[in-house]
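Right, one structure below, let's go through it.
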Amino acid sequence: MDNTKNWLDYLKLKFSIGQQGNDNTSNYAYTDMYTLQIASPTQMSPVFNKGFGNPDLTWETTTNLNVGLEFGLFNNRLNGSIDFYNKNTSNLLFWLSVPESTGARGYYGNMGTIRNTGVELTLSGSPIKTKDYEWYLSANLSHNKSKIVSLPYEKTKVNGGFYESPYWYTEGGDMMNYMTLAFAGLNDKGESLYYYDPALIEEGGQMTTSRPGTLKSKEYVTTNAGEASRYLAGSVLPTVYGGFSTTVRVKWFDITATFDYQIGGKVYDSRYSSLMGPTTSLDGTGAGSNFHKDYIKSWSPDNTSSNIPRWQVGDTNGNQACDRYLTNAGYLNFQSFTIGFTFPKFWKEIEKLRIYCAGENLCFWSARKGLDPRYSFSGNTSVGTYSPMRTVSGGVEVTF
């Protein structure tokens with residue numbers, strides 16, 4: 001490639017395809033299993049253990065297709081790679097329910113297909129590179145899109161999809177499509193209002209919550225969460241996530257900083273929700289609960305512009321799980337830093353003498369203080385997991 005020798009140093013095209021299997025079901029799901037129970041003082045009776053066996057059961061199969069490009073430009077002052085992938089998973093393992101009159105509650109079967117497609121980009125370069133001064137930058141980003149290609153008819157024949165808390169699954173939809181009650185603001189008494197779709201009211205006045213509502217109107221709101229509909233709130237998956245770092249060297253001083261980030265997506269802030277509800281028990285058993293400082297901003301006759309429901313003991317509808325607590329999942333994390341000084345060579349027996357200070361998990365910025373969207377796509381549902389520990393250390397490196 002003589003015509004490009006002044007700017008193109010390296011170019012590589014990558015392609016790969018492969019398959020993996022998954023069999024994460026209960027043991028022996030392919031065959032009938034029985035448990036013996038006492039039928040009478042002198043007899044035993046066999047009953048199905050867990051469910052029917054399925055002799056046609058097979059692996060889930062994931063086919064990965066990857067195409068990529070690596071390059072180096074301008075005497076390798078700029079390097080990078082871009083990768084596109086398509087991950088198709090077929091023969092999904094589902095638990096399929098059957099009437100209990102058959103003697104069991106269901107069986108495992110292979111039905112359905114999902115697809116993940118995305119792009120990953122990595123760039124690194126040195127805008128400044130001399131004997132005494134150097135500046136190095138690197139960054140990467142990833143974007144993923146999930147799609148449900150097909151689902152078993154048994155799962156979709158009634159509602160066109162199915163709900164498994166907290167997600168709604170339907171063909172053509174996202175794998176992580178959140179479904180919950182929709183907050184409609186407050187009434188003139190400071191009570192929480194929730195939307196409901198009248199088309200989902202069944203005979204007898206019961207509200208169907210197994211499929212999402214489509215109509216949102218101020219004409220159809222209720223203060224009773226049990227009469228409200230669930231609505232689709234969008235995918236919780238981030239739009240882009242990745243990291244970036246920089247290293248600066250000025251003669252004998254050097255500093256390196258690394259960050260990771262996430263843009264877009266949603267997370268249900270369960271911990272904030274639990275701290276934003278008044279005691280619902282009127283007999284005093286709820287005494288001693290912690291509350292978030294935002295409760296001071298709750299609606300009151302003197303603060304009617306607030307969107308936080310009134311703070312009233314015994315109110316079981318004011319703080320229901322709803323899209324009010326679906327929070328932006330974006331964050332920026334100051335992951336690590338290193339500052340060092342390398343002494344000029346002054347003693348022939350010592351090849352290198354360097355002192356440094358380093359730190360990890362220094363600062364974390366998210367939509368709400370205390371919220372860590374990295375915990376789980378389903379939200380921070382537990383206080384049993386701690387955030388990464390912040391550490392700062394120092395040291396001396398000596399090379400003889």
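Residue numbers run from 1 in the order of the sequence given.
- Residues Asn86 and Thr117 have side chains that never bring a donor and an acceptor to within less than 3.5 angstrom of each other.
- Side-chain contact between Thr223 and Asn317: absent, with no pair of heavy atoms (C-beta onward) separated by less than 4.5 Å.
- With ring centers used as reference points, Phe341 lies under 6.0 Å from Phe343.
- Remark: side-chain polar atoms of Ser192 are not paired, donor with acceptor, to backbone N or O of Pro309 under 3.5 angstrom.
- Remark: the backbone N or O of Gly173 is not paired with any side-chain donor or acceptor of Thr170 at under 3.5 angstrom.
- Pro212 and Leu232 get closest at one heavy-atom pair: CB-CG, 3.8 Å.
- Of all heavy-atom pairs spanning Ser273 and Tyr268, the tightest one is OG-OH, 4.0 Å.
- No side-chain donor-acceptor contact under 3.5 Å links Ser126 to the backbone of Lys129.
- You'll find the side chain of Tyr331 reaches within 4.5 Å of the side chain of Asn333, heavy atoms only.
- Ring geometry for Phe334 against Phe259 counts as parallel: the plane angle stays under 30°, on a 0 to 90° scale with 60° as the upper cut.
- In this structure, Glu60 and Asp23 have side chains that are not in contact, with every pair of non-hydrogen atoms separated by 4.5 Å or more.
- Heavy-atom minimum distance, Ser298 versus Trp311: OG-CE3, 3.6 Å.
- Asp260 and Gln335 form a side-chain donor-acceptor contact under 3.5 Å, judged by distance and modelled atom types alone.
- Environment of CD1 in Ile38: sparse, with no more than 12 heavy atoms of neighbouring residues, nucleotides or ligands closer than 6.0 Å.
- Contact of the Arg115 side chain with the Ser150 side chain is not registered, since no non-hydrogen atoms from C-beta on lie closer than 4.5 Å.
- Looking at Ser336 and Glu360, their side chains never bring a donor and an acceptor atom within 3.5 Å of each other.
- Here the side chain of Glu171 pairs a donor or acceptor atom with the backbone of Leu151 at under 3.5 angstrom.
- Glu227 and Met207 make their closest contact through O-CE, 3.4 Å (heavy atoms, listed as atom of the first residue, atom of the second, distance).
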Given side chain to side chain donor-acceptor pair (under 3.5 Å), test Gln37 with Ser45 step by step and report yes or no.
-> CA-CA 5 Å; Gln37 294 183 350; Ser45 174; over 6 Å; no
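- Cation-pi geometry between Arg368 and Tyr272 is met: under 6.0 angstrom from the ring centre, within 45 degrees of the axis.
- Applying the 6.0 Å contact sphere to CE of Met389 captures no more than 12 heavy atoms from other residues, nucleotides or ligands.
- Considering Thr247, Thr338, Thr246 in turn, Thr247 is the only one that fulfils the side-chain hydrogen bond (donor to acceptor under 3.5 Å, both in side chains) rule with Thr256.
- The closest side-chain heavy-atom distance from Leu92 to Asn110 is not below 4.5 Å.
- Arg390 contributes atom CZ, which lies 6.5 Å from atom CG of Leu362 (distance to the nearest 0.5 angstrom).
- Tyr231 and Val236 sit in two unconnected hydrophobic clusters of ILVMFWY residues. Membership requires side-chain heavy atoms under 4.5 Å apart, directly or through other members.
- Residues Thr209 and Arg230 bring a donor and an acceptor atom of their side chains to less than 3.5 Å of each other.
- Ring-centre distance between Tyr163 and Trp168: not below the 6.0 Å cut-off.
- Between Glu191 atom CD and Leu186 atom CG the span is 9.5 Å, to the nearest 0.5 Å.
- Residue-environment remark: CD (Glu202) exceeds the threshold of 12 foreign heavy atoms within 6.0 Å.
- Residues Thr62 and Thr89 bring a donor and an acceptor atom of their side chains to less than 3.5 Å of each other.
- No more than 12 heavy-atom neighbours from other residues, nucleotides or ligands sit within 6.0 angstrom of OH on Tyr220.
- A cation-pi geometry, defined here as NZ or CZ lying under 6.0 Å from the six-membered ring centre and within 45° of its normal, does not hold between Lys266 and Tyr178.
- Checking Asn144 against Tyr85 by side-chain atom types alone, a donor-acceptor pair falls below 3.5 Å.
- Taking the six-membered ring for Trp and the full ring otherwise, Tyr34 and Phe48 have centroids separated by under 6.0 Å.
- Hydrophobic clustering, with ILVMFWY side chains joined whenever heavy atoms are under 4.5 angstrom apart, keeps Ile201 apart from Leu181.
- In this structure, the side chain of Asp197 engages the main chain of Leu215 through a donor-acceptor pair within 3.5 Å.
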Let me see the working for Met111 and Glu154 under side-chain contact (heavy atoms from CB on, under 4.5 Å), right down to the final yes or no.
-> CA-CA 10 Å; Met111 295 183 180; Glu154 289 82 352; 3.6 Å; yes
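- Proximity of Tyr169 to Lys155: side-chain heavy atoms (C-beta onward) are nowhere separated by under 4.5 Å.
- Listed here is the closest heavy atom pair of Cys322 and Phe183: SG-CB, 3.9 Å.
- Ring-plane geometry between Tyr295 and Phe291 is classed as tilted, the angle between the planes lying from 30 to 60 degrees on a 0 to 90 degree scale.
- Atom CH2 of Trp95 sits in a crowded spot, with more than 12 heavy atoms from other residues, nucleotides or ligands closer than 6.0 Å.
- Counting non-hydrogen atoms of neighbouring residues, nucleotides and ligands closer than 6.0 angstrom, the CH2 atom of Trp252 reaches no more than 12 such neighbours.
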Evaluate the side chain to side chain donor-acceptor pair (under 3.5 Å) criterion for residues Ser235 and Asn177: first the C-alpha distance (whole Å), next the side-chain angles of each, then the deciding distance (0.1 Å), finally the verdict.
-> CA-CA 4 Å; Ser235 175; Asn177 202 355; over 6 Å; no
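- Within 6.0 Å of atom OH in Tyr10, more than 12 heavy atoms from other residues, nucleotides or ligands are found, so the atom counts as buried in its surroundings.
- Salt-bridge check for Asp254 with Arg354: passed, with a basic side-chain N closer than 4.0 Å to an acidic carboxylate O.
- Donor-acceptor pairing under 3.5 Å is lacking for the side chains of Thr304 and Trp299.
- No hydrogens or angles considered: a donor-acceptor pair under 3.5 Å links the side chains of Ser138 and Ser245.
- Atom CD1 of residue Ile148 and atom CE of residue Met176 lie 10.5 Å apart, to the nearest 0.5 angstrom.
- Of all non-hydrogen atoms in Ser146 and Asn116, the two that sit nearest each other are CB-OD1, 3.3 Å.
- Put simply, the side chain of Asp32 reaches to within 4.5 Å of the side chain of Phe52, judged on heavy atoms.
- Between the side chains of Asn64 and Gln19, no donor-acceptor pair is found at a separation under 3.5 Å.
- Judged purely by atom type and a 3.5 angstrom limit, Asp315 has no side-chain atom pairing as donor or acceptor with the backbone of Gln312.
- A donor-acceptor pair shorter than 3.5 Å can be found between the side chains of Asn319 and Tyr325.
- Other residues, nucleotides and ligands contribute over 12 non-hydrogen atoms within 6.0 Å of the NZ atom of Lys218.
- Side-chain contact between Val267 and Asp269: absent, with no pair of heavy atoms (C-beta onward) separated by less than 4.5 Å.
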